[in-house]
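Numbers here are sequence positions counted from 1. Since we're looking at a predicted model, the values are computed, not measured.
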Amino acid sequence: MRKSILTRLNNWIIFVVMTTLVIAIVVASTSLINFLRKEEIKRISLLSKAIRIQQEVKTPDTDVLDLLPDILNINNTIPFIVTDKYKNPILDLGYYRNIPEATIKNPEKLQDLIRNMEKNYDPIEIKVPDGNNQFVYYDNSRMLNNLRYSPYILGLFILLYFGFSFWFFRTIKKTDEGYLWAGLAKETAHQIGTPLSSMIGWMEIMKLDNPESEGVHEIEKDIERLRTISERFSKIGSVPELNDRNFNETIQENYDYLKTRISKKINFTLNLPTYTVLVPHNKILMSWVIENLVKNAVDAMKGEGAITMSIFERNKNILIEVKDNGSGMTKQQARNAFNPGYSTKKRGWGLGLSLARRVIHEYHNGDIKISQTEVGKGSTFRITIRKE
């Protein structure tokens with residue numbers, strides 16, 4: 001529980017840091033764009049002054065004569081056009097710049113451009129001695145217009161980058177966990193194998209003394225069960241063959257075995273379809289999943305209650321439900337139930353449901369989930385597998 005809380009806290013811290021970083025970049029970029037916009041306005045103001053001086057001064061100084069064309073010609077990016085007080089464009093050389101020639105030659109397009117410029121910026125008035133004042137209409141340079149979208153593009157890129165990084169490291173973590181569980185499972189199978197072989201030998205000796213003993217037959221069943229368990233663990237990490245098809249038979253065998261080995265205080269019932277259900281599956285691994293679900297239900301009821309296992313068909317899917325009337329789970333417990341290492345019991349590694357999910361998801365292309373749970377009323381686990 002504590003690990004889950006710390007993990008969520010770290011995720012929130014990472015999310016807040018990422019969000020703050022993206023907002024800071026957007027704000028910084030917006031500030032830069034505003035600065036560039038003000039600089040362009042200053043350049044247009046200077047250009048307007050140059051036009052006014054050129055019109056007012058009849059005999060300017062030689063240096064002024066040289067400076068004015070430079071001021072007019074240095075603007076190679078900001079579109080502008082000078083009009084009279086009636087908004088009629090003045091198309092003399094030096095009175096417009098950075099406007100497409102096709103627009104200049106089309107009076108309607110030119111008037112539309114002037115109106116759009118006026119919407120973005122108030123025109124700069126040039127007062128001339130004869131009272132026929134002129135106005136400089138202008139707009140952002142193409143570079144500045146493109147930069148307007150850069151903060152959002154950059155922010156989106158950063159979010160995508162962090163999202164990819166999160167996915168990448170999460171995938172690596174899951175892969176490492178998968179190798180860890182596979183290695184642990186195979187080592188467990190190896191460790192079980194040695195005493196199991198010895199038990200089989202002693203079993204044969206006991207059968208020679210009393211072959212009809214009921215105890216000998218029960219021990220023989222448990223030895224066979226241990227062999228099955230060992231085979232289950234050995235299959236983790238490898239791709240199992242889905243050679244078994246009679247799903248009713250697999251579930252019935254599992255039910256018969258578990259019914260004799262759980263508490264008599266538990267009412268364990270099985271609802272099977274009246275027809276044979278044919279589903280490609282691996283009997284050993286599927287039995288392991290069912291056993292895990294039933295044992296979890298027994299633990300939830302503390303050895304007393306009712307378990308109902310039902311098999312039915314829906315939309316070309318076969319559904320297996322294991323329902324108990326035990327202690328149930330909170331929403332948080334239900335969310336974490338299939339996480340490796342998570343357990344609500346004081347004793348337990350929290351591997352059963354995690355491995356069950358892996359068997360269903362990766363080996364049978366199915367789904368396993370908690371379809372219903374309520375504290376104090378019990379839980380229902382549901383497995384969904386495609387029929388064909």
Side-chain angles (χ1 to χ4, degrees), residues 1-15 166-167 170-171 173-174 177-178 180-181 184-185 236 251 254-255 258 262-263 266-271 285-312 314-315 317-386:
M1 184 71 71
R2 185 178 179 182
K3 181 180 178 182
S4 176
I5 293 173
L6 289 175
T7 300
R8 290 190 176 192
L9 182 61
N10 288 336
N11 289 341
W12 273 108
I13 291 173
I14 292 171
F15 174 76
F166 177 77
W167 170 83
R170 186 179 178 85
T171 302
K173 183 181 178 182
K174 283 189 174 181
E177 287 177 353
L180 175 62
W181 301 135
L184 178 63
I236 296 297
I251 301 300
N254 216 47
Y255 169 78
L258 292 171
I262 61 177
S263 173
I266 293 178
N267 182 22
F268 189 19
T269 57
L270 172 64
N271 299 320
L285 292 181
M286 188 58 65
S287 298
W288 189 9
V289 172
I290 300 300
E291 185 175 325
N292 264 302
L293 297 183
V294 172
K295 286 183 176 179
N296 271 289
V298 172
D299 291 338
M301 296 185 297
K302 298 180 180 177
E304 185 174 356
I307 300 175
T308 303
M309 187 159 59
S310 305
I311 314 296
F312 54 96
R314 180 184 295 171
N315 300 328
N317 291 325
I318 299 300
L319 278 67
I320 309 102
E321 286 191 347
V322 178
K323 182 178 181 180
D324 67 71
N325 61 352
S327 57
M329 287 180 278
T330 64
K331 291 182 179 180
Q332 184 177 4
Q333 288 172 337
R335 283 195 299 268
N336 296 320
F338 293 98
N339 293 339
Y342 181 82
S343 176
T344 57
K345 296 176 285 188
K346 292 182 179 179
R347 294 182 180 180
W349 286 15
L351 299 180
L353 290 179
S354 174
L355 292 174
R357 181 174 63 176
R358 180 168 183 172
V359 168
I360 298 299
H361 280 195
E362 298 185 16
Y363 300 152
H364 291 85
N365 293 321
D367 183 44
I368 181 171
K369 65 181 181 180
I370 301 171
S371 62
Q372 184 276 331
T373 186
E374 186 175 349
V375 176
K377 293 189 177 180
S379 304
T380 301
F381 284 79
R382 176 181 293 174
I383 299 171
T384 305
I385 300 176
R386 286 196 64 82

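Looking only at side-chain heavy atoms (C-beta outward), Tyr363 and Arg358 come within less than 4.5 Å of each other. Asn254 places none of its side-chain heavy atoms less than 4.5 Å from the side chain of Met286. For the pair Thr308/Asn271, a side-chain contact is recorded, criterion being any heavy-atom separation below 4.5 Å from C-beta on. Residues Arg382 and Ile320 form no side-chain contact, since every pair of their non-hydrogen atoms from C-beta on lies 4.5 Å or further apart. Two residues are said to be in side-chain contact when any heavy atoms from C-beta on lie closer than 4.5 Å; Leu319 and Ile383 fail this criterion. Lys369 places a side-chain heavy atom less than 4.5 Å from the side chain of Asp367. For the pair Phe268/Val294, a side-chain contact is recorded, criterion being any heavy-atom separation below 4.5 Å from C-beta on.
In this structure, Arg335 and Asn339 approach most closely via the heavy-atom pair O-ND2, 4.2 Å. Scanning all heavy atoms of the two residues, the minimum distance from Phe338 to Leu353 falls at CD2-O, 3.4 Å. Taking every heavy atom of both residues into account, Ser263 and Gly303 meet most closely at OG-O, 3.2 Å. Across every non-hydrogen atom of Ile307 and Ala297, the tightest pair is CD1-CB, 3.8 Å. Smallest separation of non-hydrogen atoms from Leu258 and Glu291: CD2-CG, 3.8 Å. Among all heavy-atom pairs drawn from Ser371 and Glu321, the shortest one is OG-OE2, 4.3 Å.
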**OP:** Apply side-chain contact (heavy atoms from CB on, under 4.5 Å) to Ile290 and Tyr255, showing your working.
**Re:** CA-CA 9 Å; Ile290 300 300; Tyr255 169 78; over 6 Å; no
**OP:** Determine, step by step, whether Leu293 and Ile368 satisfy the side-chain contact (heavy atoms from CB on, under 4.5 Å) criterion, reporting the C-alpha distance in whole Å, the side-chain angles of both residues, the deciding distance to 0.1 Å, and the verdict.
**Re:** CA-CA 11 Å; Leu293 297 183; Ile368 181 171; 4.2 Å; yes
Subject >> Steps toward side-chain contact (heavy atoms from CB on, under 4.5 Å) verdict (Arg357, Val359) >> reply: CA-CA 5 Å; Arg357 181 174 63 176; Val359 168; over 6 Å; no
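Side-chain atoms of Asn325 come within 3.5 Å of backbone atoms of Ala306 as a donor-acceptor pair (strictly under, hydrogens ignored). In terms of modelled atom types and a separation under 3.5 Å, the side chain of Asn315 and the main chain of Asn317 share no donor-acceptor contact. Using a distance-only test at 3.5 Å, with no hydrogens or angles considered, a donor-acceptor pair links the side chain of Gln333 to the main chain of Thr330.
Here the rule is side chain to side chain contact (heavy atoms under 4.5 Å, CB included) with Ser379, and of Glu374, Lys323, Met329 only Met329 fits it.
For the atom pair CD1 (Ile360) and CD1 (Ile385), the distance works out to 4.5 Å, reported to the nearest 0.5 Å. Here Ile370 contributes atom CD1 and Phe381 contributes atom CZ; the two are 4.0 Å apart, rounded to the nearest 0.5 Å. Rounding to the nearest 0.5 Å places CD1 of Ile318 at 10.5 Å from CZ of Arg386. Between Ser354 atom OG and Asn336 atom CG the span is 12.0 Å, to the nearest 0.5 Å.
In this structure, a donor-acceptor pair under 3.5 Å is absent between the side chains of Asn296 and Asp299.
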